[in-house]
Number of protein chains: 2
Amino acid sequence: MHEQLTKFITDRIQLSEADLQQVLSCFHLLIAKKNEIIGRTGELSRRMFFVNKGCLRVYYIKPDGREATRRFAFENSFSTSLTSFIDGTLLKEDTQTVESSELLYIHREDFYSLLNTIPSWEKFYRGFLEQAYIINTSRLEDFITLNPRERYQLLLKENPEMVLRLPNKLIANYLNITQEALSRIKSGS
Amino acid sequence: MHEQLTKFITDRIQLSEADLQQVLSCFHLLIAKKNEIIGRTGELSRRMFFVNKGCLRVYYIKPDGREATRRFAFENSFSTSLTSFIDGTLLKEDTQTVESSELLYIHREDFYSLLNTIPSWEKFYRGFLEQAYIINTSRLEDFITLNPRERYQLLLKENPEMVLRLPNKLIANYLNITQEALSRIKSGS
DNA sequence: CTGATTATTTGATCCGGATCAATAATATAG
DNA sequence: CTATATTATTGATCCGGATCAAATAATCAG
C-alpha cells in the first residue's frame with residue numbers, strides 16, 4: 001500500500017529505515033469514490049494527500065457559484081491547499097476526486113512535527129515547496145502571457161495525457177474558458 | 001547599509017552573531033538608476049536581490065515583444081526569478097528597476113552554500129519559499145476568479161500604496177489589461 | 001438493456017476589453 | 001524654463017470569447 005509513496009520519498013531524500021517507517025506510519029489510507037469532496041472551502045486545512053491511484057481536482061468557488069480549477073493531481077503526486085496548509089488559515093478552495101481514487105493522507109500536525117524530528121524531512125519539504133512554486137508560477141505565466149487557444153495548445157504539447165484523460169468540461173475550466181470555446185478551439189475554427 | 005536586511009533576517013530566524021555576520025558578508029551593494037535591467041531573459045540566474053530602497057519589476061516578454069508583469073518588489077522584500085534560481089535554468093523573465101534603487105544581492109552559489117553551513121538558513125529559505133508560494137498562488141487565484149475591474153478593486157483595497165506609487169501604465173500591465181482599460185475603470189465608466 | 005442524466009457540438013448574438021487614433025497632461029532632459 | 005518625450009485620457013471601432021439555445025452524443029444508474 002505504501003510502495004509508491006516510499007519510492008516518491010526515497011527518490012528525493014535519504015532516510016534511515018527507522019525514519020522511513022516513522023514517516024510512513026503518519027500516512028493513512030483513504031478510498032474515495034468519484035466526485036467526492038475531500039476538502040471544502042471554509043474548513044480548516046487538515047490533510048495533505050498523496051495520490052496512489054485516481055485524480056484530484058482543486059478549485060476555487062467564485063461568488064456566483066462557478067468554479068475555477070487551480071490544479072489537477074494524478075498518480076504519484078502530492079496535493080493540498082498549500083496556502084492554508086502553511087499558515088493554518090481556512091481553506092479557500094475545494095478538493096474533489098475526479099475519478100475513484102486511492103489516497104494516502106497525512107495530518108498537518110504530523111507533517112510539521114516530522115520537520116522537527118526527522119532532519120531530512122526539512123529537505124523533503126523544501127523540495128516540495130520548490131516544485132509547488134515552480135508549477136504555480138508557470139501556470140501564472142501562462143495566464144498572463146497566453147490567450148485561450150495558446151494555453152490549450154501548450155497544454156496539449158506538455159501534458160497530452162491530461163487532455164485525453166479528463167472530460168473537456170474540466171479541461172476548459174482548467175484553461176479558464178467555457179467548454180463551448182474549447183470545443184471550437186479543438187475543431188480549429 | 002545592512003540594517004534593514006539584518007532586521008528582515010532576525011525577525012524570521014535566530015542566528016548567532018557570527019552566523020549573522022557570515023550571512024551578511026555574502027550580500028553586496030548595488031546602486032541602480034531608474035529603468036536599469038538587472039536580470040535579463042536568457043541569462044543565467046545568478047543573484048537574489050533585497051530591496052533597501054526603490055522598486056523592482058519582474059516581467060515576462062511575450063513573443064510579440066510585449067511585457068507581462070509578474071511582480072513588483074518594494075523596500076524590505078526579496079526578489080528573484082525563483083523558478084530559475086532554484087534549478088539553475090536560464091531566466092524566463094527580466095528584472096528592472098522601476099525607480100532608482102539601492103539593492104543588496106547575494107550570489108546563487110553563496111545562497112545555497114549557506115544552506116549547508118548555517119542550519120537555520122534552511123528555515124529562512126523555507127519561510128521564503130512559503131511566502132513566495134502564497135503570493136504567486138494568490139495572484140493566480142485573482143486571474144482565474146476575477147475580471148479586470150475586480151482585480152483593480154482588489155488591488156486598490158489590499159495594496160493602495162502600490163497604486164499610488166506606480167504609474168498607471170505599470171499597474172495596468174500588472175493587472176494584465178491595457179492602460180486605456182484601466183483609465184476607464186478608474187473613471188468608473 | 002434502457003431511460004435519464006450529463007457532456008459535447010454547433011449556431012446566433014452579445015459584450016468587455018483590445019485596438020487604433022487623437023488630444024491633453026506630466027515628467028524629464030538639457 | 002523650455003522643448004521633447006512619455007503617460008493619461010477619451011472616443012470610435014473591432015474582435016475573441018461568453019452567453020444563450022438547441023440538437024446530438026456519450027455515460028451512468030437501475
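This one's a predicted model, so the numbers in the text were calculated from it and none came from an experiment. Chain identifiers are assigned alphabetically (A, B, ...) following the order of the sequence lines, protein sequences preceding nucleic acid strands; residue numbering begins at 1 within each chain.
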Report task. Return yes if some donor-acceptor pair links the side-chain N/O of A/Ser45 with the main-chain N/O of A/Leu91 below 3.5 Å, else return no. Result -> no
Report task. Using whole Å, report how far CD1 of B/Ile177 lies from P of C/dT19. Result -> 12 Å
Report task. Answer yes when A/Glu99 and A/Lys53 have at least one side-chain N-carboxylate O distance shorter than 4.0 Å, and no when they do not. Result -> no
Report task. Would you check if the distance from the ring center of A/Phe143 to the ring center of B/Phe143 is below 6.0 Å? Result -> no
Query - Nucleotide D/dG17, atom C1' - distance to CD1 of B/Ile144 in whole Å - result: 18 Å
Report task. Rounded off to whole Å, could you give me the CD1-to-P distance for the B/Ile185 and C/dG17 pair? Result -> 6 Å
Query raised in the report: Is the shortest distance from a Lys or Arg side-chain nitrogen in A/Glu109 or A/Arg46 to a carboxylate oxygen in the other one below 4.0 Å?
Result: no
Requested in this report: Only counting residues at least two apart or in another chain, list the ones meeting side-chain hydrogen bond (donor to acceptor under 3.5 Å, both in side chains) with A/Thr137.
Outcome: B/Asn136
Polar atoms only, N or O, under 3.5 Å: list the protein pairs with nucleotides 22-30 of chain C and their distances.
unit_1 : atom_1 : unit_2  : atom_2 : d
C/dT28 : OP1    : B/Lys34 : NZ     : 3.0

Query raised in the report: Honestly curious: do A/Phe49 and A/Leu82 fall in one hydrophobic cluster under the side-chain, below-4.5 Å linking rule?
Result: no
Report task. Indicate, with yes or no, if B/Ile135 and A/Ile144 share a hydrophobic cluster defined by side-chain heavy-atom contacts under 4.5 Å among Ile, Leu, Val, Met, Phe, Trp and Tyr. Result -> no
Query raised in the report: Are the side chain of A/Asp94 and the backbone N or O of A/Tyr60 linked by a donor-acceptor pair below 3.5 Å?
Result: no
Query raised in the report: Looking at residues 58-75 of chain A, who's got a heavy atom less than 4.0 Å off DNA chain D?
Result: A/Arg66
**Report entry** All side-chain hydrogen bond (donor to acceptor under 3.5 Å, both in side chains) counterparts of A/Gln21, not counting sequence neighbours
**Finding:** A/Glu17
Report task. Could you walk me through whether B/Glu141 and A/Arg70 pass the salt bridge (Lys or Arg N to Asp or Glu O under 4.0 Å) test, one step at a time? Result -> CA-CA 8 Å; B/Glu141 177 187 355; A/Arg70 180 172 66 78; over 6 Å; no
Query raised in the report: In whole Å, what is the span from the CG atom of A/Asn35 to the C1' atom of D/dC28?
Result: 12 Å
Query raised in the report: B/Asn176 has an atom CG; how far is it from atom P of D/dG17, in whole Å?
Result: 13 Å
Query raised in the report: Would a line drawn from the ring center of B/Tyr174 to the ring center of B/Tyr152 be shorter than 6.0 Å?
Result: no
Query - Secondary structure string for DNA chain D (Watson-Crick or G-U under 3.5 angstrom, | for other-strand pairs) - result: ||||||||||||||||||||||||||||||
Query raised in the report: What does nucleotides 5-13 of chain D look like as a protein-contact string, B for base, S for sugar-phosphate only, - for none, at under 4.0 angstrom between heavy atoms?
Result: --SBSBBB-
Query raised in the report: Quick one: B/Leu175 CG to C/dG16 C1', roughly how many Å, whole number?
Result: 15 Å
Query - A/Glu130 bridged to A/Arg12 by N-O distance under 4.0 Å - result: no
Requested in this report: In whole angstrom, give the distance that lies between atom CZ of A/Arg149 and atom P of D/dA18.
Outcome: 12 Å
Query raised in the report: Are B/Arg57 and B/Glu67 ion-paired here, with the side-chain N under 4.0 Å from a carboxylate O?
Result: yes
Report task. Output yes when a side-chain donor or acceptor of A/Arg47 lies under 3.5 Å from a complementary backbone atom of A/His107, and no otherwise. Result -> no
Query - Nearest-angstrom distance from the residue atom CZ of A/Arg151 to P of D/dG16 - result: 15 Å
Query - Any A/Thr178 side-chain N or O less than 4.0 Å from OP1/OP2 of D/dA18 - result: yes
